[in-house]
Amino acid sequence: MPRRMLVLLILGLWLLSSLAAPLFIARSYASLDLSARLQGPSLGHPLGTDDLGRDVLARLCYGGRVSLGVVTASLFLALCLGSLVGLASGYLGGWCDRGTVFLTDVLLALPGILLAITILAYVGRGVVPLILALSCTAWVGYARLARSMALSLRQREYTQASLASGAGLPRVLFRHLLPNCAGLLAVQAAAGAASVLLAEAGLSFLGLGIQPPMPSWGEMLSTGCDYLLEAPHLALIPGAAIFLVVWALNTLGEEMAASFDPKGKAIALAL
Amino acid sequence: MQRLEGVRVSRYALARILLFFPTLWGLLTLVFFLNRAMPGDPVEIMLGENAAPARRVEMRHALGLDRPLAVQYGDYLAGLATGRLGRSLRTGRPVSAELADAFPRTLELGCCAMLLACLVAVPLGTAAARRPGGPWDATARFISSAGFSLPSFFLGPLLILAFAVKYPWLPVSGADEPGSIVLPSLALGLPLAALLVRIVRTSVGEEAHREYVRAALARGLREGTAFRRHALRNALLPVVTVAGLQFGAVLTGAIITEKIFRWPGLGTLVLTAITGRDYPVVQGAVLLFAVTVLTVNLGTDLLYARIDPRVRYA
């Protein structure tokens, strides 16, 4: 199926170029050459140069590498926090559960990007605050899903049996509940990867995410907007990269969700 | 029976309204603690690093930062309740005045984008659902698939390139010339249209095969009439909800669109304030965004219960 091939091709290229970026790009993403500003594609610079004469291909590969790292770290943190809080609240019930539901209701009522901007405005900018802000907005969905799974799993015989034989809270959570909802959580994480990447690019575009000289697609696109008339490739290349990767991640997430949870029931119920 | 129904509606409305206030309170508290937890001393930001210690103590007292946290929190809530948001550290004007200048611009942009998205999505989605597999269906599929992954910060530059270089018909920057709202609304509205097309298509497709539509056809109504009068009316209900709930995303999406097109709205204000560490303005703008989103969400829920009786009995 050509669509699947295209998705694999785009994601493969993204992974390969970001992992191997230091090996096959001889030029550093930060080396300036003011005599070669805003050049079009050439043999020396296959994708041209930017406003400070830096190689666009090198910056594109490193930017993808930074995005890959930020997205992976944010999703991992969000999954850990979300599943822990969700499982514990669904399993324990009572006030703990009501508190979690209230907190997640408040967070879900706000658009994610507003929360991320607020956090970045107060905490500061850079890679670590960015990961923090992205995971703070993304964990809510996983917590709701894990909570709804825990509500049904705690009634199962194996959970009851384990409790009867004297297992403590950590054993029940990590040994019985977590493995049983890990699959669905992973599917939701795959579906959420695209929106985390979009948020990262958007925040970097606004100048609140990755800070120069470290390259990122959002920041490259934002610089490109200042030179749209002289050198449109500066905006078009990172923009196309964001578009293709987000499309591929979206498609991958949809296909995974369709095969793991064909009716979309578990995820729809949780949110 | 009539009276009973009225009671049920107001109970649903009451429950929704009662949820509104704790949510708002949770948000205000979050912003308060973020404000206090930020690295760096607000007094130092205002006075600079070399200010005399006596002056700092005086400033700290004037701002109320030397009092216990609980008292500060109470003051903060009381201040908000009476509409006191403080003064901008950059311009010295009251924050409420700054917000009043910028907010209508953002609201204007958001409403235009929303209108545009509905004008594209409803006819296209309906046409696609009437003839699945036809040319309109293909167009709708393409738009929803591409638009879903096309962020406004890439769509914006593409529109500028098209309209500034190839066909210089429309102004691409600022808000002073007539027609300058067209491109920002397109950049903000088309990604939303992509989402709405999908929902209109599914919803209309489902309703069109319901028994009441077949009954209407059996009674001899023409296909177009049965479709418009019966199927479409019911099918557009979920669209209203989704469009209403997406209004928050549109408003906050405007932060990015305003930067691209140099639109002087709330987004531009908040970005300038963040860069200049003008925390009273940041806080005011974030709260205004959030209150607007919460209010529109509440309004959508109530409107939905009003136009679709099934919700009230659920």
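Just so it is clear: chains get the letters A, B, ... in the order the sequence lines come, proteins before strands, and each one is counted from 1. Fair warning: this is a prediction, and the values are worked out from it, not measured in the lab.
- Taken to the nearest 0.5 Å, the CD1 atom of I242(A) stands 12.0 Å off from the OG atom of S149(B).
- Using a 4.5 Å cut-off between heavy atoms, L198(A) touches chain B through backbone and side chain atoms alike.
- Residues L208(A) and I274(B) are in side-chain contact: their nearest non-hydrogen atoms beyond the backbone lie under 4.5 Å apart.
- Distance OG1/T118(A) to CZ/F289(B): 9.5 Å, rounded to 0.5 Å.
- Only the side chain of L294(B) comes within contact range of chain A, with at least one heavy atom under 4.5 Å from a heavy atom of that chain.
- Heavy atoms closer than 4.5 Å to chain A are found in the side chain of L158(B), but not in its backbone.
- Interface residue A201(A): backbone and side-chain heavy atoms are both found under 4.5 Å from chain B.
- Chain B forms the most heavy-atom pairs under 4.5 Å with one residue out of S222(A), G207(A), A235(A), A240(A), and that residue is A240(A).
- At a 4.5 Å heavy-atom cutoff, the contact between I255(B) and chain A is made by backbone and side-chain atoms alike.
- For the pair L236(A)/L161(B), a side-chain contact is recorded, criterion being any heavy-atom separation below 4.5 Å from C-beta on.
- Under the side chain to side chain contact (heavy atoms under 4.5 Å, CB included) criterion, L13(A) pairs with no residue, sequence neighbours left out.
- Residue L115(A) touches chain B through its side chain alone, counting heavy-atom pairs closer than 4.5 Å.
- Between chain B and the options L221(A), L107(A), L120(A), D105(A), heavy-atom pairs under 4.5 Å are most frequent for L221(A).
- Highest contact tally toward chain A, considering only N297(B), L271(B), L30(B), is held by L271(B) [criterion: heavy-atom pairs under 4.5 Å].
- Between V293(B) and P111(A) there is a side-chain heavy-atom pair separated by less than 4.5 Å.
- Of the listed residues (A249(B), P157(B), S152(B)), the greatest number of heavy-atom pairs within a distance under 4.5 Å of chain A belongs to P157(B).
- Ring pair W25(B)/F102(A) is parallel by interplanar angle, where below 30° counts as parallel and above 60° as perpendicular.
- The closest side-chain heavy-atom distance from I256(B) to F205(A) is below 4.5 Å.
- The side-chain hydrogen bond (donor to acceptor under 3.5 Å, both in side chains) check on D137(B) picks up R201(B), with sequence neighbours excluded.
- Heavy-atom minimum distance, T275(B) versus R125(A): CA-NH2, 3.7 Å.
- Contact of S145(B) with chain A is made through backbone and side chain together, with heavy-atom distances under 4.5 Å.
- For the pair L206(A) and F153(B), the minimum side-chain heavy-atom distance is 4.5 Å or more.
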